[in-house]
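For reference, the structure discussed in these notes is given below.
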There are 2 protein chains.
Amino acid sequence: MRNEGILSQEMLEVPEKPSVLSVLASCSALNTLDEQQREVLCDESFMAYAERGEMIWLAGSTMQFVAICGTGFIKMTRTTPKGSEVAVELLGPGQCLGLIAAIEGRVYPLNATAVTNSWYLKVPTRAIHEVYNSNERLRDSLLRSLAPRLRKAHEMMARMSSEKIEQRLAAVLLILAETYATDCDAGTVLTVPLTRQDLAEMAGTTVETAIRVMSKWQKQQVLSTNHQWITIRSIPALEDLLTA
Amino acid sequence: MRNEGILSQEMLEVPEKPSVLSVLASCSALNTLDEQQREVLCDESFMAYAERGEMIWLAGSTMQFVAICGTGFIKMTRTTPKGSEVAVELLGPGQCLGLIAAIEGRVYPLNATAVTNSWYLKVPTRAIHEVYNSNERLRDSLLRSLAPRLRKAHEMMARMSSEKIEQRLAAVLLILAETYATDCDAGTVLTVPLTRQDLAEMAGTTVETAIRVMSKWQKQQVLSTNHQWITIRSIPALEDLLTA
DNA sequence: TCCCAGCTATGACGAGCGTCATGTCCTAGG
DNA sequence: CCTAGGACATGACGCTCGTCATAGCTGGGA
C-alpha cells in the first residue's frame, strides 16, 4: 500500500534540524522573554538529536540542562517499583522538560524517551537561572503553563484509578486527539505515531490488552490504524465509550 | 474504651475558630506577602465553617472566593462519568484551594469536601488578583508551591494506573503519614481521621476492598485502627508491601 | 426507650484483565 | 536471499477485585 510506505518513511527519516532561535520562540513557557534574554539563552544552548526509543533523560539525574522539544515527540515516564513504565505526559514541539525542577534545583523525577526521531534544544540550567531571576513576567507565564498540566494530571489520576481499561484507552486517545491531531477525510488522524506499547503505558495496562481493545475498535469501525498511525473515524463513538 | 471516647469526641466537637490573620500567616503559598498586603486580604476575608462531609466547593462553579484551610482537613475529589468520587488531594491547615484557578480566571475543576469539622478562610477572588498583580515574589512562591503538587500527582498517577490496590493503599497511607502524622509509643498515628470510604476514594477502589485490606493488615500487626484513627505500627512493613 | 443512619465487617460469585505461550507479518541487515 | 527482531495478533488460564447481600456495632434523635 502506497500510503503506508509514505507514513512509515515519515517516521523513520531524520527530521530537518530546526534552528536554536526557532525552538526558543516556539516554547510557550518562555514567550515572555525579551530580545536580549533570548539571545543569552541562544548563545549557550545547542540542538541535540534522539532516535525513536532513545532515552533523553534518566529519572534522578541532576539537571545540567533543560530540554525544549523542537521536532518530534517525547514521552515522560515513571518506573514503578516492579519495573514497568507508566507514561504521565507526552510532549510535542515547543514544550519543555525539566524547567521547574531546574528552577527549584531538584533532580528530575521522570524518564524522558523519544517517541519519534526528535530534535531538542539543550539549555544549560545556569542560563535558565539567570533569566528566571531577572524576568518577573517569566514567572507568570511559567505559572500559567504549569496549571493546566496539574489539571490534566488530576484528570488522568481520576480516570486511571477508577475506570476500566477500555475507558482509559478511550480517554487517552481523546486527550491525544485534542492536542496532536489533524482532520482528514477519513476522520481525525493523530500526528504522533504510537505503538500499542506506548498506548499501553499511557493507559496503564499491558501491550496485549491494548492490542485487543484496539483490534476490537477497528472491527467496530471506531478507528483504523496503519502501523503506528491512528485515525479516529468517529470521535463521538469514542466519547460514548468513556461512559459505557 | 476510654481512649476511643476521647478520639471520637475530638472528631465531633467544633474546633476553636482561628483568627483570620493566623490562617493567612499559616498559608505557605502566601508567605511572601508583606504587612500591608496581608491587611488588605484580612479586611475582605472571613472565616467559614463546614461540618464533616459538608461540600465546600462544587466542581464547575465560578471562583468568587479562594479558600484557605484553617483547621481540619479538606479532600479534593473528581466525579467520574459513572458517578464515583476519586480523591486527588488532601488539604490540611495552611493549604489553599482554588488559588491557581482564581488567578487564571477559570472555573475550579474539583469538588471540595470537609473530611473533619473545619474552619476555613474565604478570600474574595478580586482581592487575590490585586495582591497577585502587585507582588512579584508571590509568583515565585506560588510556583514553588505548585511544583510539588504536580510531582505528587504524577507519582499517584503512576501508582494508580499500574499497581494492585494493596500497593495503592499502602502508598496512600505512606504519603499521608509523610504529611499528617505524629509519632507515639505505639507507632505513627495519622492526625487526620479517615473512614474506609475516604481511603477507598484515595486509592481508587471500593469501600469493601479497603475494609478487607485494612482488616488484613490489622491482623498482621502492620497497623491498628480505632474508628477513623489509624496508627501505623511499622512503617518499614508498609514500605515492603509497596514492592511486594 | 427504641429505631434509624452510618461505619465496619465478611462471604459468594463472576467478569475483567494480567500472564504466558504461540504465531504471523514486515523491515533490516548480513 | 535468508535470518533475526520488532510490532501486531489471538487463545487459554487463573487471580484480583468489583458487586451484591447480609449483619453487627455505635451514637443520636424522636
Side-chain angles (χ1 to χ4, degrees), chain A residues 1-13 51-53 80 82-84 86 115-116 160-169 193-201 203-219 223-230 241 244, chain B residues 1-13 51-54 80 82-84 86 113 115-116 160-169 193-201 203-219 223-230 241 244:
Chain A
M1 204 190 296
R2 180 178 164 77
N3 199 18
E4 187 172 322
I6 291 175
L7 288 172
S8 300
Q9 230 176 17
E10 191 174 324
M11 191 184 136
L12 292 173
E13 76 192 7
E51 296 223 320
R52 161 168 179 73
T80 66
K82 272 177 301 188
S84 65
V86 180
V115 168
T116 62
M160 293 298 102
S161 57
S162 74
E163 287 168 6
K164 299 216 186 6
I165 63 103
E166 203 158 318
Q167 270 91 278
R168 292 194 210 172
L169 252 182
L194 294 166
T195 64
R196 305 293 188 267
Q197 176 67 46
D198 291 328
L199 290 173
E201 281 177 13
T205 180
T206 56
V207 211
E208 294 94 328
T209 306
I211 287 173
R212 269 184 257 267
V213 174
M214 293 293 285
S215 300
K216 182 178 158 194
W217 286 345
Q218 287 192 69
K219 280 172 198 153
L223 50 80
S224 64
T225 66
N226 196 330
H227 295 281
Q228 278 92 56
W229 299 92
I230 302 169
L241 287 168
Chain B
M1 204 189 295
R2 181 177 163 76
N3 200 18
E4 188 172 321
I6 292 174
L7 289 171
S8 301
Q9 231 177 17
E10 192 175 322
M11 193 184 133
L12 294 171
E13 76 190 9
E51 294 223 323
R52 161 169 180 72
E54 197 177 325
T80 66
K82 273 176 300 186
S84 64
V86 180
T113 311
V115 169
T116 61
M160 293 299 101
S161 58
S162 75
E163 289 169 4
K164 298 215 187 3
I165 63 102
E166 202 156 320
Q167 270 89 275
R168 294 195 209 171
L169 252 181
L194 294 166
T195 64
R196 305 294 188 267
Q197 176 67 48
D198 292 327
L199 290 173
E201 282 177 14
T205 182
T206 56
V207 210
E208 294 93 328
T209 306
I211 287 173
R212 269 185 257 268
V213 175
M214 293 293 286
S215 298
K216 182 178 157 194
W217 285 346
Q218 287 192 68
K219 281 170 197 153
L223 50 80
S224 64
T225 66
N226 195 329
H227 296 281
Q228 277 90 56
W229 299 90
I230 301 169
L241 287 169

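Every chain is numbered from 1, with letters handed out A, B, ... down the list of sequences.
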> In whole angstrom, what separates A/Asn226's CG from C/dC26's P?
Replying inline: 12 Å

> Over how many whole Å does the gap from B/Gln197 atom CD to C/dG6 atom C1' extend?
Replying inline: 11 Å

> Given that A/Lys164 and A/Ser215 both sit by DNA chain D, which one's nearest nucleotide is further toward the 5' end?
Replying inline: A/Ser215

>> Which helical stems does DNA chain D take part in, if a stem means at least 3 consecutive Watson-Crick or G-U pairs with both distances below 3.5 Å?
In response: C:1-30 with D:1-30

>> Check the phosphate of C/dT8 against B/Gln228, side-chain N and O only, distance under 4.0 Å to OP1 or OP2. Yes or no?
In response: yes

> Side chains of A/Thr225 and A/Arg196: is there a donor and an acceptor less than 3.5 Å apart?
Replying inline: yes

> Roughly, in whole Å, what's the span from NE2 in A/His227 to P in C/dC25?
Replying inline: 13 Å

> Which of the following nucleotides, D/dC8, D/dT10, C/dA9, is nearest to the side chain of A/Arg196?
Replying inline: D/dC8

> Whole-Å distance between C/dG6 C1' and B/Leu194 CG?
Replying inline: 16 Å

>> Quick check for you: among C/dC7, D/dG18, C/dT10, whose closest atom lies nearest to any side-chain atom of B/Glu208?
In response: C/dT10

>> With heavy-atom distances below 4.5 Å as the criterion, would you say the side chains of A/Leu241 and A/Gln167 are in contact?
In response: no

> Whole-Å distance between C/dC17 C1' and A/Arg168 CZ?
Replying inline: 10 Å

> Does any non-hydrogen side-chain atom of A/Met214 lie less than 4.5 Å from one of A/Ile230?
Replying inline: yes

> To the nearest 0.5 Å, how far apart are CG in A/Leu199 and CZ in A/Arg168?
Replying inline: 13.5 Å

>> Regarding D/dT19, can its base be found pairing with the side chain of B/Arg212 as donor and acceptor, where the two atoms are less than 3.5 Å apart?
In response: yes

> Rounded to the nearest Å, what distance is computed from the CD atom of residue B/Glu166 to the P atom of nucleotide C/dG18?
Replying inline: 18 Å

> How many Å lie between CD on B/Glu51 and P on C/dG6, as a whole number?
Replying inline: 14 Å

> From D/dC17, D/dC8, C/dA9, pick the nucleotide closest to the side chain of A/Ile211?
Replying inline: D/dC8

>> So if I take every side-chain heavy atom of B/Thr195 and compare against C/dC7, C/dA9, C/dG11, which nucleotide ends up nearest?
In response: C/dC7

> Using a cut-off of 4.0 Å on non-hydrogen atoms, how would the nucleic acid contact of A/Thr225 be classed: base, sugar-phosphate, or nothing?
Replying inline: nothing

> Does a side-chain N or O from B/Thr209 land closer than 4.0 Å to OP1 or OP2 of D/dC17, or not?
Replying inline: no

> Taking atom CD1 of A/Ile165 and atom CE of A/Met160, what is their separation to the nearest 0.5 Å?
Replying inline: 10.0 Å

>> By the 4.0 Å heavy-atom rule, please label B/Ile165 as base, sugar-phosphate, or nothing.
In response: sugar-phosphate

> Rounded to whole angstrom units, what separation is found between the NZ atom of B/Lys216 and the P atom of C/dA9?
Replying inline: 15 Å

>> Could you check whether any side-chain heavy atom of A/Thr195 comes within less than 4.5 Å of a side-chain heavy atom of A/Arg52, counting everything from C-beta outward?
In response: yes

